[in-house]
Q: 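Okay, handing you the structure first.
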Amino acid sequence: MIDNKKYPEIYFSSPVRGILDMTPRIPRAPIEPKKPTMPIEPDSSNWVGLGCFPVVEIGIIVVFIYTMTSNGFDFGLLFGLLFFVLVFFFSLIAVFEKRKSDIQKKLQYEEDEKKYPGLLEQYKKSYREYLIQKDIHDAQVKKVMSQNNLTRYRQKMSMIWLEVREKPRFMSCDDYEVIKKGRSEKYFMDVLSKRYEVLGNQKVPVGTKYYYPDIIVVCDNLYIDIEIDEPYVDSDGSPIHYLEGLFSIDSKRNDYMINQGWEVIRFSEEQIFLYTQECIQVIENFINAIKEGKGQFEIPPSMVIPKWTKEQAFKLAYQRYRNTYVPKELVPHKWVEEASQKLSLEDIACIAYAVIKQSTYGKSLVFIMKAGKPRIVKWSTQAPDYVPGTKIALSSVEITKIIDSETGSVSFVASGEALG
């Protein structure tokens, strides 16, 4: 599981993240048949009340006519009579329409009641067919959405994208730009250059300003911004690259880079020096994961290092923590020569011979003892640059003690002349 609150921090670019979240087209699901509803017998009880209304109106009309014949002609009574005649007429129409509607509903109900058993049987048959189709569809979806199929599909989409993608914008730094590089950048760039195309001294435009990637790795049309984070500035102990709450202070930069199509991997400086091969393997696994359509990949658990807070960075600076893992050959020492002396006769009597050997960080003078384990002293850079295997005359060997004026650490270097 990738945890971006620990080193290494892993960020897929927006296009790659989109590809790794893609899913193939899923077959259309069958439509479930709708169950027929049982017919409901219409209610015609309101018709009786409505039918009584014209009878009442007839009675009123009779009263009007009787009044007019008994008391003589009156225009008011005439208009009242006409009004009730009209009301009576429209009431009859309403009664007949209601009766007609009820009859139609009754007939429709009887027809629907006859059809219902057939519709229900047809529904049951359709539903059984639907369940069969649904099982087939579910099996298809399960196959389409299986991890193996998703990976194959995303791998295909990733390879298509890699073939046609445009590289993100970046350019070489101008000659007058002074780019501060830590000792780990050059070391790791030299290591990576043996396996990948690597670029240094590049800049990525951000409006009118720039971001300066530590190292750019280019592989199969992927552009990876490799960042190497140290907890504090060597010169003044200022905290850098720390967590602020739940997020890194580099979050804004990370977001910009991935939105511009960059993949981003952040290692700690400690990982670069102590877990060099593991860091290379992480880059290799990262590239393969993208090409294979996988969103996750293996990170050796032994190399995982938690990110530091600002307070922790202050403490690490006070402890000069970086000096515990940076190779001494890469630490900017101010060596001061304190004393130099030749081998004593007693020492020479115990040594069989002395020979130049090549070590990881330079040449050393190895004393092969007549009894006991060999003893090793770093070969001075001021001494002749003999090839490995050269034997040195014991009588000419000088051991010089030097002290780092900044840290107080003591070291010894050897010099001498070749034998014969």
Side-chain angles (χ1 to χ4, degrees), residues 2-11 178-196 198-202 204 211-217 224-244 247-254 257 262-286 299-334 360-362 404 406-407 409:
I2 298 171
D3 184 353
N4 289 333
K5 302 301 179 292
K6 297 179 181 179
Y7 285 107
E9 289 185 77
I10 308 294
Y11 299 96
V178 178
I179 310 302
K180 293 182 180 180
K181 292 287 185 182
R183 43 189 176 260
S184 55
E185 280 91 339
K186 185 179 185 305
Y187 166 77
F188 200 46
M189 183 178 288
D190 289 343
V191 174
L192 289 176
S193 63
K194 298 174 183 177
R195 302 182 62 146
Y196 304 107
V198 295
L199 303 172
N201 295 323
Q202 304 293 310
V204 178
Y211 284 139
Y212 298 87
D214 287 344
I215 303 171
I216 294 175
V217 170
I224 308 173
D225 172 18
I226 304 293
E227 296 295 326
I228 304 174
D229 295 349
E230 56 275 352
Y232 58 88
V233 178
D234 240 349
S235 58
D236 59 12
S238 301
I240 48 177
H241 305 299
Y242 53 83
L243 281 173
E244 196 167 50
F247 302 97
S248 167
I249 61 169
D250 299 306
S251 296
K252 183 179 178 180
R253 172 181 171 136
N254 294 338
M257 295 296 284
W262 292 86
E263 320 307 319
V264 179
I265 303 179
R266 285 184 173 272
F267 295 107
S268 71
E269 183 184 54
E270 182 177 358
Q271 288 172 324
I272 293 299
F273 287 122
L274 299 185
Y275 303 99
T276 305
Q277 293 306 315
E278 288 86 347
C279 291
I280 295 173
Q281 190 61 52
V282 166
I283 297 173
E284 186 76 19
N285 292 347
F286 178 73
I299 296 176
S302 60
M303 71 172 294
V304 174
I305 297 175
K307 287 183 66 68
W308 48 83
T309 63
K310 190 173 185 179
E311 292 71 22
Q312 289 169 335
F314 273 122
K315 185 176 180 180
L316 294 173
Y318 177 77
Q319 297 171 341
R320 292 184 177 273
Y321 182 69
R322 295 176 68 186
N323 291 343
T324 65
Y325 58 77
V326 177
K328 291 182 179 180
E329 289 72 15
L330 301 179
V331 175
H333 293 288
K334 294 182 179 179
T360 306
Y361 299 112
D404 185 348
E406 287 191 352
T407 65
S409 60

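Basis for what follows: all heavy atoms, side chains included, without hydrogens, waters or symmetry-related copies.
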Q: The criterion is side chain to side chain contact (heavy atoms under 4.5 Å, CB included); which residues satisfy it with Q319, sequence neighbours excluded?
A: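 Expected list: K315, L316.
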
Q: Please identify each residue that fulfils salt bridge (Lys or Arg N to Asp or Glu O under 4.0 Å) with E269, with sequence neighbours left out.
A: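 If we apply the salt bridge (Lys or Arg N to Asp or Glu O under 4.0 Å) test to E269, skipping adjacent residues, the hits are R322.
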
Q: Can you name the side chain to side chain donor-acceptor pair (under 3.5 Å) partners of D214, sequence neighbours left out?
A: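 By the side chain to side chain donor-acceptor pair (under 3.5 Å) rule, D214 matches no residue at all.
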
Q: Which residues pass the salt bridge (Lys or Arg N to Asp or Glu O under 4.0 Å) test with E227, not counting sequence neighbours?
A: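 For E227 the salt bridge (Lys or Arg N to Asp or Glu O under 4.0 Å) partners, ignoring immediate neighbours, are R253.
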
Q: Show me the donor-acceptor pairs within less than 3.5 Å that the side chains of residues 277-284 make with the rest of the protein, sequence neighbours left out.
A:
unit_1 : atom_1 : unit_2 : atom_2 : d
Q281   : NE2    : N285   : OD1    : 2.9
E284   : OE1    : Y196   : OH     : 2.4

Q: Taking side chain to side chain contact (heavy atoms under 4.5 Å, CB included) as the definition, give me every residue that meets it alongside V304, ordered by chain and number, with sequence neighbours left out.
A: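 Testing V304 for side chain to side chain contact (heavy atoms under 4.5 Å, CB included), a comparison that skips the adjacent residues, returns K6, I299.
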
Q: Tell me, please, which residues at least two apart from E270 pass side chain to side chain donor-acceptor pair (under 3.5 Å).
A: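 Only Y321 meet the side chain to side chain donor-acceptor pair (under 3.5 Å) criterion with E270.
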
Q: Quick one: list whatever passes side chain to side chain contact (heavy atoms under 4.5 Å, CB included) with Y212, sequence neighbours left out.
A: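 Once residues adjacent in sequence are excluded, the partners of Y212 under the side chain to side chain contact (heavy atoms under 4.5 Å, CB included) criterion are C173, E177, I179, K203, Y210.
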
Q: With Y211, which residues qualify under ring pair (Phe, Tyr, Trp, His ring centres under 6.0 Å), at least two apart?
A: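 Listed in chain order: Y256.
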
Q: Could you list the residues that satisfy side chain to side chain donor-acceptor pair (under 3.5 Å) with T276, not counting sequence neighbours?
A: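 Y187.
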
Q: Residues in side chain to side chain contact (heavy atoms under 4.5 Å, CB included) with L243, at least two apart?
A: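 Partners of L243 under the side chain to side chain contact (heavy atoms under 4.5 Å, CB included) test: K5, S248, K307.
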
Q: Going by the rule side chain to side chain donor-acceptor pair (under 3.5 Å), which residues pair with K310 if we only count those two or more places apart in sequence or in a different chain?
A: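 For K310 there are no side chain to side chain donor-acceptor pair (under 3.5 Å) partners, ignoring immediate neighbours.
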
